[in-house]
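The block underneath contains the structure these notes are about, expressed in structure tokens.
In what follows, every chain begins at residue 1, and chains take the letters A, B, ... in the order their sequences are listed.
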Amino acid sequence: MYNSKISELFNEIADMLDLEGDARSFEARAYRKAALVIGSLQEDVGDILKNKGIDGLTELPGVGKTLAERIKEYVETGKIKKYEDLKKQYPIDFDSLTKIQGLGAKRVFKLYKALGVKNVDDLRKALENHKIRGIEGFGEKSEEEIKKGLDFFFSTGGRMLIGTALPEAESIVRKIEASGLAQKVTIAGSTRRMRETVGDLDILIVSSKSDKMMDFVAGLDEVENIVVKGPTKTTVMLKIGLTCDFRVVEKESFGSALQYFTGNKEHNVQLRQIAIKQGYKLNEYGIFDKADRRVAGSDEKEVYAKLGMDYIEPEMREARGEIELAQQHRLPKLVTINDIRGDLHVHTTHTDGLNTLDEMVQKAVSLGYDYVGISDHTKSEYVAGGMNDKQFVSYFKEIDELQKRVGDSIKVLKSGEIDILKDGSLDLSNKTLEMMDYRLCAVHTNINMSKEQMTNRIIKAFESGYVDILAHPTDRLINERAGIQLDFDRLFQSAADNGVVLEINASPGRLDLNDELILKASQYKVKFIIGTDSHKVEHMDFMRYGIGMARRGWLEKKDIINAGDIKSLLKALNR
DNA sequence: GCCGTTTTCGGCCCGACTGTTTTCAGTCG
């Protein structure tokens with residue numbers, strides 16, 4: 001697992017190169033770009049190196065011969081000489097210090113030269129003694145700003161789940177709409193792209209009363225304090241511990257501004273480069289020709305069209321090849337939430353759910369679903385009240401009775417979330433498994449096995465012929481647990497060979513598989529389901545997060561079996 | 001240091017806001 005460390009080292013190298021003068025700023029940029037690419041890569045660079053050698057590394061965008069060598073050097077020796085050399089000259093913890101709002105490499109270096117600040121502890125002491133305000137280029141305000149940044153640095157734990165961020169953003173949008181000050185309001189940024197976690201919120205507003213609008217957002221109940229406030233841009237810290245940027249633009253610029261603030265950054269950089277090649281300038285105000293006339297801008301689709309490409313859905317804008325596909329008019333037609341016909345991962349009070357079978361089924365009816373699959377835990381999950389074979393039999397009887405009561409309004413499918421045990425066997429008898437409409441299986445225990453053992457364990461279960469769906473394949477919990485070790489190539493190949501469908505678990509804390517693994521699994525021609533893993537009725541609304549992940553993984557309706565009617569669903573499950 | 005629909009050399013995205021400036025550097029996204 002080298003990605004995060006190498007990304008960190010490359011960023012620090014970039015920080016130090018920035019201090020070497022303008023001549024090296026492009027070199028610094030190259031390191032930063034590579035750091036970004038490597039940092040957001042699912043596959044480990046160590047594995048890439050092992051499997052494909054140095055050529056596998058240079059295939060990564062932004063990684064050329066030199067940086068590939070540096071990665072190899074780190075994987076093999078645990079060190080990068082260039083980094084060590086620079087570090088002798090700049091013995092400073094840039095990684096932490098530059099994370100503090102308002103501090104970049106240059107100001108950090110000034111603090112080091114003037115006060116010997118090497119890390120956040122030194123910085124805190126310097127702040128306590130009010131030493132910062134005297135340094136050239138720093139004043140009282142800077143000192144306060146840095147203090148606030150430092151407090152925030154110690155108080156937050158990184159990025160927030162989309163499941164928390166999106167509802168917050170939607171609530172703010174509703175308030176702005178109700179204010180009557182805005183003609184248009186929309187969510188942009190990584191929230192619009194449905195990333196699994198977001199670092200801040202971006203809200204774009206069209207308003208003819210820009211000043212009043214900025215006052216309004218600065219005064220929202222959700223706001224803890226104001227970070228910056230100008231006539232068109234305001235940044236606030238929200239009480240939930242997330243910063244939020246508000247931008248006001250003219251309606252002529254709405255499309256290009258939405259495009260720009262949706263990102264991601266690399267996608268935008270590529271778009272601007274394409275604009276330049278075509279003789280245009282692209283910024284958040286529009287596309288401008290040589291005579292500085294706006295040729296597009298009010299509509300986002302128009303911006304893409306003007307650059308000679310099809311409209312790219314926000315979830316795909318990650319600079320993963322979508323721009324090339326858009327230019328060739330070969331983009332996939334992404335699945336939408338309206339395509340979903342049922343939910344196959346639902347718990348009830350029979351195990352650790354908080355709502356009854358009836359209540360969960362009624363919720364499915366209210367969502368307009370054609371079918372719902374009930375999948376409570378098996379006995380190995382004793383903390384969740386998992387059931388044994390006998391209990392499952394009476395559970396199925398209850399489902400039959402319920403089906404009679406609800407009639408044709410919905411089809412209720414019998415299943416279970418069956419533990420794949422340590423030895424690869426399943427937690428129920430074959431007889432019980434055969435009574436199910438489909439079998440949703442998952443790893444919950446002994447999660448610390450080696451990559452090879454864990455992969456063998458799951459493949460053995462696949463080969464039993466009783467696994468229809470592998471639920472939350474990596475068993476990760478975002479921001480809490482990394483997940484089990486797996487050889488994904490072998491796993492996905494085996495899923496394809498054995499007709500096992502992979503779950504995209506829509507629970508916001510899981511989102512498993514995530515976008516990168518979906519893209520990887522797709523290469524093996526596997527099918528997917530999106531399941532909410534609901535433990536109460538409200539959880540069934542999590543489907544949209546799973547849809548977000550599926551769309552980020554470029555999936556179409558045909559790839560997702562619960563986007564099909566009951567007939568095609570059962571056909572896909574019964575091999 | 002990367003990269004190629006003008007290229008193996010010579011470019012490299014672009015603008016808002018702030019503080020401390022006296023015209024701009026630094027930071028951020």
Side-chain angles (χ1 to χ4, degrees), chain A residues 10 13-15 17-20 22-37 57-71 82 97-111 132-146 148-149 188-190 198-204 210 214 226-235 243-249 253 256-257 259-288 307-308 319 324 327-328:
Chain A
F10 278 12
I13 290 174
D15 285 336
L17 289 171
D18 268 339
L19 302 174
E20 299 276 297
D22 286 348
R24 308 198 64 178
S25 68
F26 288 108
E27 191 181 344
R29 182 184 294 189
Y31 274 94
R32 281 216 174 81
K33 182 175 175 180
L36 192 71
V37 169
L57 295 175
T58 56
E59 275 172 24
L60 298 170
V63 177
K65 201 162 173 289
T66 307
L67 292 188
E69 286 296 339
R70 303 246 192 274
I71 295 167
K82 186 184 178 87
L97 287 168
T98 58
K99 281 200 181 98
I100 292 163
Q101 184 89 21
L103 283 185
K106 289 181 183 167
R107 299 185 86 193
V108 165
F109 186 53
K110 273 190 189 170
L111 291 175
I132 287 175
R133 60 182 66 175
I135 304 166
E136 192 195 338
F138 292 81
E140 249 175 82
K141 289 235 173 145
S142 304
E143 191 172 278
E144 279 168 29
E145 191 61 31
I146 293 168
K148 266 194 215 165
S190 50
V198 304
D200 64 7
L201 299 181
D202 294 279
I203 293 179
L204 181 68
S210 177
M214 295 289 84
I226 298 160
V227 182
V228 300
K229 185 161 174 279
T232 65
K233 175 184 168 176
T234 292
T235 301
T243 57
C244 181
D245 286 342
F246 298 94
R247 288 288 293 254
V248 175
V249 295
S253 297
S256 43
Q259 193 290 312
Y260 172 66
F261 291 112
T262 298
N264 75 3
K265 191 171 176 170
E266 182 56 25
H267 176 93
N268 287 354
V269 169
Q270 289 186 17
L271 238 51
R272 288 182 178 196
Q273 285 166 343
I274 288 168
I276 291 167
K277 274 175 201 154
Q278 297 179 359
Y280 295 124
K281 181 179 75 170
L282 171 63
N283 58 28
E284 55 261 56
Y285 300 106
I287 300 182
F288 299 87
L307 297 176
E324 291 78 0
Q327 287 174 318
Q328 298 157 7

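When the nearest nucleotides of DNA chain B are assigned to A:E143 and A:I100 by heavy-atom distance, the more 5′-ward of the two goes with A:E143. Both A:D200 and A:E136 lie close to DNA chain B; mapped to their nearest nucleotides by heavy-atom distance, the more 5′-ward contact belongs to A:E136.
For A:Q273, the side-chain atoms get nearest to B:dC12 when compared with the rest of B:dC12, B:dG26, B:dT18. Distances from the side chain of A:N283 to the nucleotides B:dC14, B:dG19, B:dG1 place B:dC14 closest. Distance from the side chain of A:L67 is smallest to B:dG1 among B:dG1, B:dT18, B:dG26.
The cationic group of A:R70 does not satisfy the cation-pi geometry with A:F10, failing either the under 6.0 Å distance to the six-membered ring centre or the 45° limit from the ring axis.
Separating the CZ atom of A:R32 from the C1' atom of B:dG1 is a distance of 13 Å, rounded to the nearest angstrom.
Counting any heavy atom pair closer than 4.0 Å across all strands shown, A:Q270 reaches no nucleic acid atom. Across all strands shown, A:E266 has no heavy atoms under 4.0 Å from either base or sugar-phosphate atoms.
Contact annotation: the side chain of A:R107 never approaches that of A:T98 to less than 4.5 Å [non-hydrogen atoms, C-beta and beyond].
In this structure B:dT8 sits in no base pair that meets the Watson-Crick or G-U test at under 3.5 Å.
Atom OG1 of A:T235 sits about 8.5 Å away from atom CZ of A:R247, to the nearest 0.5 Å.
Distances shown here put a side-chain N or O of A:K281 below 4.0 Å from the OP1 or OP2 atom of B:dG15.
Taking the P atom of each, B:dT21 and B:dG26 are spaced 13 Å apart, rounded to whole Å.
You'll find a donor-acceptor pair under 3.5 Å spanning the side chain of A:Y260 and the base of B:dG29, going by distance alone.
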